[in-house]
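This report refers to the structure that appears directly beneath it.
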Amino acid sequence: MNRTVHAVRFPVIQLHTTGATMRVSQEVFEKAKDQLKLLKEDPGNEVKLKLYALFKQATEGPCSSPKPGMLDFVKKAKWDAWSSLGSLSKDNARQKYVDLVSSLVSSESSSQVKDTTPDSKHGYETLQVTTTDNITKIMLNRPEKKNAITTQMYREIIQALEEAAKDDSVITVITGNGDYYCSGNDLNNFTNIPAGGIEKMAKDGAVLLENFVKHFIDFPKPLIAVVNGPAVGISVTLLGLFDIVYATDRATFHTPFSELGQSPEGCSSYMFPKIMGLSKANEMLLFNKKLTAGEAYAQGLVTEVFPDWTFEKEVWIRLKAYANLPKNSLALSKQLIRGVEKEKLHAVNCQECELLRERD
Ligand SMILES: CCC/C=C/C(=O)SCCNC(=O)CCNC(=O)[C@H](O)C(C)(C)COP(=O)([O-])OP(=O)([O-])OC[C@H]1O[C@@H](n2cnc3c(N)ncnc32)[C@H](O)[C@@H]1OP(=O)([O-])[O-]
């Protein structure tokens with residue numbers, strides 16, 4: 001089952017960055033060329049060189065002209081930029097050219113909008129939670145630990161989801177700070193044995209985990225994962241409970257449960273086979289197969305993959321457009337889509353947590 005991607009039309013170039021396979025049409029390429037002429041701000045020499053190189057590669061293929069002399073600075077810089085693209089195909093160069101122009105046009109228009117990002121909400125130590133432009137953004141904020149989820153972070157995410165469910169926002173986004181989306185359960189959660197011993201730790205852990213996952217199952221508004229880097233463990237298994245998953249092409253998806261002597265959670269034992277088919281789900285959940293972003297897209301776990309260099313810009317422009325849609329209509333439609341499965345998901349969550357408790 002592939003996820004549905006809602007098409008949003010931008011006033012400028014339509015973005016075609018769905019995975020690595022889609023081709024940019026000549027028409028889109030020409031449009032990008034025209035848009036470039038309308039930029040008001042000079043993007044700077046580095047970007048201009050990149051644009052030049054991509055354009056040459058897209059129209060003529062790899063650079064085969066002789067290297068200009070050392071003193072011919074401009075020609076040499078252009079030649080270097082073009083040559084650096086090596087054997088990049090014309091199609092890929094066209095795609096990258098269009099992506100780059102899109103990001104320049106977008107950043108120019110968004111720089112004209114007043115920055116109204118409010119301060120992070122108080123009371124969170126492991127998260128940064130903000131609401132702006134009708135979007136509540138829950139950012140995992142332990143970049144130095146690759147955003148590993150401690151028991152405190154589990155509790156804070158639960159609290160943030162409860163608040164986001166009730167606030168004025170239209171959509172809710174979860175993302176990570178730094179180079180990782182999330183490295184999964186903090187492994188120290190298993191090593192700090194409390195006074196009641198291992199059995200109590202396992203029981204408390206299972207109760208917390210079940211409640212945590214329950215908040216994703218029951219979340220009433222569209223929930224979007226902005227996967228800004230590699231994702232591990234529970235941050236991957238939960239993705240089946242999000243309504244949309246956008247990923248940078250730098251992201252990977254890894255569920256090393258068998259390696260750790262654990263079993264799947266986050267309703268992945270039910271959602272992954274449903275999303276990607278049984279055998280692909282088994283490769284991930286039983287045999288620890290790490291997926292690239294492209295593979296995760298091909299298997300329907302990810303809605304769309306964006307080049308890392310334009311990821312944040314493109315995704316947030318799109319999300320802001322989504323967040324202007326009518327709040328109630330979105331919430332009701334989501335509940336209609338998810339409602340059919342809710343009972344089943346709660347039962348799966350309960351079983352998964354019970355198994356984890358027994359195995360600890
Ligand atoms: C409830 C049960 C269900 C849940 C299931 C799961 O999620 S299962 C999945 C469970 N997850 C895993 O099995 C993933 C375990 N982690 C890894 O495999 C690697 O750290 C990495 C591949 C995520 C990043 O490799 P890299 O070479 O790029 O970076 P680096 O290694 O140098 O890490 C930087 C710092 O972050 C720290 N830190 C990172 N992750 C965790 C963590 N989960 N925990 C604690 N700490 C973590 C790391 O110790 C280091 O701290 P230090 O020494 O600076 O104080």
Side-chain angles (χ1 to χ4, degrees), residues 125-127 138-158 161 174-194 196 198-217 225 227-242 245 247-248 250-272 281-293 296 301 308 345 348-360:
E125 281 178 32
T126 64
L127 307 176
I138 301 172
M139 183 187 267
L140 313 182
N141 196 21
R142 297 182 73 221
E144 70 291 351
K145 298 286 180 192
K146 311 291 182 193
N147 299 319
I149 309 180
T150 55
T151 45
Q152 180 183 7
M153 198 194 271
Y154 281 112
R155 292 201 184 94
E156 290 191 359
I157 295 172
I158 289 173
L161 286 174
I174 297 191
T175 189
N177 190 7
D179 60 339
Y180 258 68
Y181 174 63
C182 175
S183 59
N185 186 56
D186 190 303
L187 297 174
N188 297 315
N189 292 343
F190 297 129
T191 54
N192 300 332
I193 307 206
I198 291 187
E199 214 167 287
K200 178 163 176 4
M201 181 183 77
K203 190 168 168 234
D204 292 350
V207 170
L208 177 62
L209 182 65
E210 187 173 346
N211 188 28
F212 175 75
V213 174
K214 178 180 173 303
H215 279 74
F216 284 81
I217 299 172
V227 184
N228 56 297
V232 187
I234 189 164
S235 70
V236 177
T237 54
L238 279 174
L239 292 177
L241 299 177
F242 282 74
V245 179
T248 162
R250 211 171 43 75
T252 50
F253 300 83
H254 191 203
T255 47
F257 300 124
S258 309
E259 263 168 35
L260 294 168
Q262 297 286 323
S263 48
E265 77 295 283
C267 293
S268 58
S269 61
Y270 174 69
M271 287 305 292
F272 277 26
N282 285 341
E283 275 196 308
M284 283 192 83
L285 297 177
L286 301 184
F287 300 114
N288 315 310
K289 183 173 181 196
K290 189 198 277 189
L291 300 190
T292 61
L301 185 62
D308 194 52
L345 290 171
V348 170
N349 181 26
C350 178
Q351 276 169 4
E352 289 177 341
C353 292
E354 182 56 26
L355 184 61
L356 276 167
R357 192 183 66 74
E358 283 168 13
R359 291 197 51 77
D360 267 325

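Position 1 is the first residue of the sequence; numbering continues from there. Only this structure's heavy atoms are used, side chains among them; waters, hydrogens and symmetry mates stay out. Just follow the structure's listing: the first ligand is 1, and inside any ligand the first atom is 1.
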Salt bridge (Lys or Arg N to Asp or Glu O under 4.0 Å) against Lys203, all qualifying residues, sequence neighbours excluded:
none
Could I get the full list of salt bridge (Lys or Arg N to Asp or Glu O under 4.0 Å) partners for Lys214, not counting sequence neighbours?
Asp218
Donor-acceptor pair between Asp308 and Thr248 side chains, under 3.5 angstrom
yes
Residues in salt bridge (Lys or Arg N to Asp or Glu O under 4.0 Å) with Lys145, at least two apart?
none
For the student: nearest non-hydrogen atoms of Tyr181 and Ala231, plus distance:
CD2-CB, 3.6 Å
Within the 3.5 Å criterion, strictly below it, is a donor on Asn185 or Tyr154 matched to an acceptor on the partner's side chain?
yes
Mind listing the N or O contacts between ligand 1 and protein, cut-off under 3.5 Å?
{"residue": "ligand 1", "atom": "7 (O)", "partner": "Asn185", "partner atom": "N", "Å": "2.8"}
{"residue": "ligand 1", "atom": "7 (O)", "partner": "Ile234", "partner atom": "N", "Å": "2.9"}
{"residue": "ligand 1", "atom": "11 (N)", "partner": "Ser183", "partner atom": "O", "Å": "2.8"}
{"residue": "ligand 1", "atom": "40 (N)", "partner": "Ser183", "partner atom": "OG", "Å": "3.0"}
{"residue": "ligand 1", "atom": "43 (N)", "partner": "Ser183", "partner atom": "O", "Å": "3.2"}
{"residue": "ligand 1", "atom": "43 (N)", "partner": "Asn185", "partner atom": "O", "Å": "3.1"}
{"residue": "ligand 1", "atom": "44 (N)", "partner": "Leu187", "partner atom": "N", "Å": "2.9"}
{"residue": "ligand 1", "atom": "51 (O)", "partner": "Lys145", "partner atom": "NZ", "Å": "3.2"}
{"residue": "ligand 1", "atom": "55 (O)", "partner": "Lys145", "partner atom": "NZ", "Å": "2.4"}

